[in-house]
Undergrad: 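My questions will all concern the structure given below.
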Number of protein chains: 2
Amino acid sequence: MNTGHAYKLSAGIADNLVSILEEAIVFLELAPNERLTEEEVAERYGVSRSPVRDALRSLERDGLVLREARRGIWVTPMSLRDFDEIYSCRVALEAIAAEQAARSTNTALKAQLAQVLDAMRAAREAGDARLFFSHDVRGSELIYQIADNATLHRLLKGLEKQALRYRYHLYRRNPGVVDLSLDDTARVFQAIIEGDVPGAYRMEHDLIERIWRETRDAIRDEFGEGRK
Amino acid sequence: MNTGHAYKLSAGIADNLVSILEEAIVFLELAPNERLTEEEVAERYGVSRSPVRDALRSLERDGLVLREARRGIWVTPMSLRDFDEIYSCRVALEAIAAEQAARSTNTALKAQLAQVLDAMRAAREAGDARLFFSHDVRGSELIYQIADNATLHRLLKGLEKQALRYRYHLYRRNPGVVDLSLDDTARVFQAIIEGDVPGAYRMEHDLIERIWRETRDAIRDEFGEGRK
DNA sequence: ATTCACCATACTGTATCCAGTATACAATGC
DNA sequence: GCATTGTATACTGGATACAGTATGGTGAAT
């Protein structure tokens, strides 16, 4: 992970901590339910508690950690319940992101979608999960940028991080799961590039929903139903 | 130091500040674009900068203030652009909230929807905008609770605050705008109570979309197109 | 043996202090 | 007169010191 002193200070310590901790949580280096204390995190990265507090509040907002006043901080547990919540929101929002992206005339950004797809395929071939997901995330980021809706962008970025933890977990257990999505992803990209507005909406909606449906059994087996 | 104890300390100073500042921004007591400094806010409420910092970061995450590193903090400006972004997300999310609420069998909570509607009508009769909106918000809150989806709840709460600032502004200028929604709101509530899942989705979707369409001209006249 | 009260402890919440940077204005050189 | 650079200032970012509370254990009393 980052031994502790390799982060860049340019963007502020708190922002760097957010990135570092996000990645650690998404890629399961910090286990679900693991207890975090501000002091310990501060010590581990050689900073004071102030930026750590800021970072942890930021992670709380994105649902990656839970905080209870004067009680403590924990990495958000994983559960089918949580998974369903995230995906029910993602289905709706990713669909309108694709729709709005298809409406855009920003050909320069649209052209990059094809490159991202190639990179995803290459990473899939190489069997590199983290690389695959980093390209996948870049593709989503591109779509959000093309859609040019800052509010939607912000909401989806938050959901994406949460979703990615589940997707990464599934991928590690069964790398075949990404095959589910690669071809359909290509079709969504194509619809966006061509400006096929209803097509982009429907394909993205159906794609996310299908991934949701087809992976939730594995999530339930692994993490249980969740709170009731 | 801490001379004024007018606020409640029970939930933590920062959380109280969030509520207070949120309300001040939503109800336009703090004008869009107004500059805020941590020290000034701290002094005004008789607290130190620490909880103010926490509160302002929280508001930033909900899009109510903008912060630039070492430059300053401003109340988020209002614009048609911003309005469109918020509503395009709300249309999608409120619809699935209504849908999921219709699926619920929580009759106790559903029963409260009728009471909320009466309270909204009474406030409308009395011409009390803030009371009307407080009941309106309570109705939305109920739907989110019935839908029983914490992630969706969180996202919609954030959007609601931003949307409410525009709605409140419009209401003050023309109280008739709420008539647009009252009867349709009643129908949505009814669909949720009856468990009419597709009906709740469609009616809520169309309701929010119609309010969006029918109010955006007024927003443009008032605040301009926004960033380009 | 069980329960209740007390206390030690460890954490978060808050206050305050220090550092660094962006901005505006003034002074100086061309 | 204009530009450029130095400098003062005011703010946020980060560090540290202090306060208050939740929790777990230990002890005594019943």
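Residue numbering restarts at 1 for every chain, and letters A, B, ... go by the order of the sequence lines. Hydrogens, waters and symmetry mates are skipped; everything else that's a heavy atom, side chains included, is used. These numbers come from a predicted model, not from an experiment.
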Undergrad: Give me each pair satisfying salt bridge (charged side-chain N to carboxylate O under 4.0 Å, His left out) with a member in residues 40-53 of chain B, each pair once, sequence neighbours excluded.
TA: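 Residue pairs passing salt bridge (charged side-chain N to carboxylate O under 4.0 Å, His left out), neighbours aside: A:D54-B:R53, B:E38-B:R49, B:E38-B:R53, B:E40-B:R44.
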Undergrad: Name all pairs fulfilling the salt bridge (charged side-chain N to carboxylate O under 4.0 Å, His left out) condition that reach into residues 94-107 of chain B, sequence neighbours left out, sorted by first residue then second.
TA: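 Residue pairs with at least one partner in residues 94-107 of chain B: B:R90-B:E94.
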Undergrad: Output all residues satisfying side chain to side chain contact (heavy atoms under 4.5 Å, CB included) with B:N33, sequence neighbours left out; order by chain, then residue number.
TA: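 Checked B:N33 against side chain to side chain contact (heavy atoms under 4.5 Å, CB included); matches are B:P77.
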Undergrad: Can you tell me which residue pairs pass the salt bridge (charged side-chain N to carboxylate O under 4.0 Å, His left out) test with a partner in residues 16-25 of chain B, sequence neighbours excluded?
TA: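 Every salt bridge (charged side-chain N to carboxylate O under 4.0 Å, His left out) pair that includes a residue of residues 16-25 of chain B, provided the two are not neighbours, is B:E22-B:K161, B:E23-B:R130.
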Undergrad: How does protein reach along nucleotides 13-22 of chain D, written 5' to 3' as B (base within reach of a heavy atom under 4.0 Å), S (only sugar-phosphate), or - (no contact)?
TA: BSBBB---SS
Undergrad: Among residues at least two apart in sequence or on other chains, which ones pass side chain to side chain donor-acceptor pair (under 3.5 Å) with A:Q162?
TA: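 Side chain to side chain donor-acceptor pair (under 3.5 Å) check on A:Q162 returns B:R154.
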Undergrad: In whole Å, I'd like the distance from the CD atom of B:E43 to the C1' atom of C:dT16.
TA: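 Result: 15 Å.
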Undergrad: Expressed as a whole number of angstroms, how long is the span from B:D15:CG to C:dT12:C1'?
TA: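 Those two atoms, CG and C1', are 12 Å apart.
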Undergrad: Could you check how far CG of B:L36 sits from P of D:dC11, rounded to whole Å?
TA: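 One finds 12 Å between P of D:dC11 and CG of B:L36, rounded.
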